[in-house]
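Below is one structure, written out as structure tokens; comments come after it.
Because only heavy atoms are used, hydrogens play no part in the values below, and waters and symmetry mates are left out as well, while side chains stay in. Each ligand, and each atom within it, is numbered from 1 in the order the structure gives. All residue numbers refer to positions in the sequence shown, counting from 1.
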Amino acid sequence: MSVRALAEQFPAAALLQGERVRDMAKLVVEGLHKLNGEAVIHGAKNSALPILAATILSGDVSEISNCPRLSDVAATQAILRHLGCRVEEGDGRVLVDSSGMCRSDIPDSLMREMRSSIVFLGAIAARTGQAQLSFPGGCELGPRPINLHLAALRRLGLEIEEERGRLNCRARGRLRGTAITLEQPSVGATENILMASATAQGTTVIVNAAREPEIVDLCAYLNACGARITGAGEGTVVIEGVDRLTGCRHEVIPDRIETVTYMAATAVTGGRVRLLRTDPDNIASVIPAFEEAGCRVEGTGEGSGSGGSLILEAPARLNRVKSVLTMPYPGFPTDAQAPIMAMTCTASGTSLFVETIFDSRYRHVDELSRMGARIKVEGRVAVVEGVERLSGAPVECTDLRGGAALVIAALAAEGETEIGELRHLDRGYEGLEAGLSGLGAAICRIGG
Ligand code: EPZ
């Protein structure tokens, strides 16, 4: 049945069954269309979320531009409104006036909607002297502990009681700067420490801080608000506490994982793409994998945020990628593992993946196997034996980047693939099907 015929028939079926059409939404992809053309990269989800949380620190007005329209960003805005902030948004800009902030709690429902809401903890505590929120709990990637967050915030003077799944936090007076060594460079813990210490009494030194570009972007926002942070992007970051912050205007950096996703989608079809408003610098550790697979990658405007661009040209059939080991930045990003794995499923040869960051980040493998991929997983190791062709099949997103992997595989599959559970994909990709259609993919969203 053609994509169009399915699209015509599907909503009726959903309505007849009285199902919540939203959950029935699916992407239908007809594979084997070569991607060619230009696509524009959006602002980084993993930068926008902590920066929006940080807007409460100043009690002033901040305007955040290049903010992606995603369900995770919407959930963050809902938390800001719950806390009493005024939030307005339009064409990629989010204005937050946190002067009216009158609460210090995050309801369970909002915590469950987005586990990374934990990154509000440091900012709420610094602004109000207290915070009440629930444990974020695990997610599709396995347990997501927050022990490093809590230990660091306790060292800054926040008293935290954990009971019945809730965190009740209170600061006796102003938080106090101190030295904090992270046993592993946690992105979220680094972000919580940055936000809690920006207005603390005295100086905080973070040793073994996360070095991701999103950390650098958060520090840039905080410094523009009057914070005194040095060493952003390095292993040791120094935050000299200031008495108060003001609001500011800030443009979010480009999304490096969306960039990799479009690169892999193009590469797997043997196409050519020019990505605009991206920063090739931020994916330097992934480019070698594309080159090893036989792609030509050319970046311009490195380091200029959304001023840069990148061209990728792929061979008719990719070569295998010998080995991919995910590491904290500047190593190969764990978020790129699933998209790159999908790309290697039809490559010639065998590719090896080692996932060192999360406990269970191979949930997309079973879905890829339904499409004929030959992948063997042993613990943190996955071995992909490239096949000539994948076959379209009904599959379901297991998590955000696993969902991206299914879209990439569908583009290289013979026939039609139907992808369900799109709520995972909508958390982190704005208009993915529109962007891919613009490059020549036969992809449409039906039923929702
Ligand atoms: C951020 O998650 C990103 N999310 C993730 O992107 C990304 O995969 C991850 O960093 C690693 O780069 C956001 O920025 C919203 P971590 P985060 O704290 O902060 C362990 C995506 O697809 N750990 O750096 O939660 C943890 O279990 C998402 O966009 C502790 O043990 O990641 C993990 O194994 C997925 N204790 C490792 O550290 C803690 O207190 C890295 O986690 C905190 C973390």
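In summary, the atoms of ligand 1 found under 4.0 Å from a heavy atom of Lys45, numbered by their order in the structure, are 21 (C), 29 (O). Atoms of ligand 1 found under 4.0 Å from any heavy atom of Ile146, numbered from 1 in the order shown, are 39 (C), 40 (O). Counting atoms of ligand 1 from 1 in the listed order, those under 4.0 Å from a heavy atom of Leu400 are 22 (O), 29 (O). For ligand 1, the atoms closer than 4.0 angstrom to any heavy atom of Asp335 are 5 (C), 6 (O), 7 (C), 8 (O), 21 (C), 22 (O), 28 (C), 29 (O), 35 (C).
Contacts with ligand 1 closer than 4.0 Å are made by side-chain heavy atoms of Arg401 only, the backbone lying farther away. Looking at Glu191 against ligand 1, nothing comes within 4.0 Å, counting heavy atoms. Here Thr334 has side-chain heavy atoms under 4.0 Å from ligand 1, and that is the only part of it that gets that close. For Val187, heavy-atom contacts with ligand 1 shorter than 4.0 Å involve the backbone as well as the side chain. With a 4.0 Å cut-off on non-hydrogen atoms, Arg115 touches ligand 1 through its side chain and not its backbone. In Pro145, the parts holding a heavy atom less than 4.0 Å from any atom of ligand 1 are both the side chain and the backbone. Residue contacts with ligand 1, taken as heavy atom pairs separated by less than 4.0 Å, involve Leu141 solely via side-chain atoms from C-beta onward.
Inspection of the Tyr429 and Arg401 side chains reveals an N or O donor paired with an N or O acceptor under 3.5 Å. Side-chain atoms of His42 and Asp255 include no donor-acceptor pair closer than 3.5 Å. Under 3.5 Å, the side chains of His364 and Gln337 contain a donor-acceptor pair of N or O atoms. A donor atom on one side chain and an acceptor atom on the other are found under 3.5 Å apart for Gln201 and Arg174. For the 3.5 Å distance criterion, the side chains of Asn66 and His250 fail to qualify, holding no donor opposite an acceptor. A donor-acceptor pair shorter than 3.5 Å can be found between the side chains of Glu163 and Asn168. Side-chain contact annotation: Thr203 with Glu240, donor-acceptor N/O pair under 3.5 Å absent.
At least one heavy atom of Arg361 sits closer than 4.0 Å to an atom of ligand 1.
Here the protein heavy atom with the shortest distance to atom 18 (O) of ligand 1 is Ser186 OG, 2.7 Å. Atom 38 (O) of ligand 1 has as its closest protein heavy atom Gln184 NE2, 2.5 Å. If you check which protein heavy atom lies closest to atom 40 (O) of ligand 1, you get Leu148 N, 2.8 Å. The protein heavy atom nearest to atom 25 (O) of ligand 1 is Arg144 NH2, 2.9 Å. Closest to atom 32 (O) of ligand 1, if we only count protein heavy atoms, is Phe358 CZ, 4.1 Å. In terms of protein heavy-atom proximity, atom 3 (C) of ligand 1 is closest to Asn46 ND2, 3.7 Å. For atom 36 (N) of ligand 1, the closest heavy atom belonging to the protein is Asn147 OD1, 2.7 Å.
Counting heavy atoms from C-beta on, the side chains of Leu276 and Glu38 come closer than 4.5 Å. Residues Glu433 and Cys444 are not in side-chain contact: their nearest non-hydrogen atoms beyond the backbone lie 4.5 Å or more apart. With contacts defined as side-chain heavy-atom distances shorter than 4.5 Å, the pair Arg166/Phe135 does not qualify.
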List the steps, then state whether side chain to side chain contact (heavy atoms under 4.5 Å, CB included) holds for Ile64 with Tyr221. CA-CA 9 Å; Ile64 311 302; Tyr221 166 75; 3.9 Å; yes

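Polar contact check, Gly188 against ligand 1: a nitrogen or oxygen pair lies under 3.5 Å apart. Looking at ligand 1, you'll find an N or O of Ile357 within less than 3.5 Å of one of its N or O atoms.
Across all their heavy atoms, Ala78 and Leu110 have their closest contact at CB-CD2, 4.0 Å.
A distance of 5.0 Å separates CG of Leu368 from SG of Cys345, quoted to the nearest 0.5 Å.
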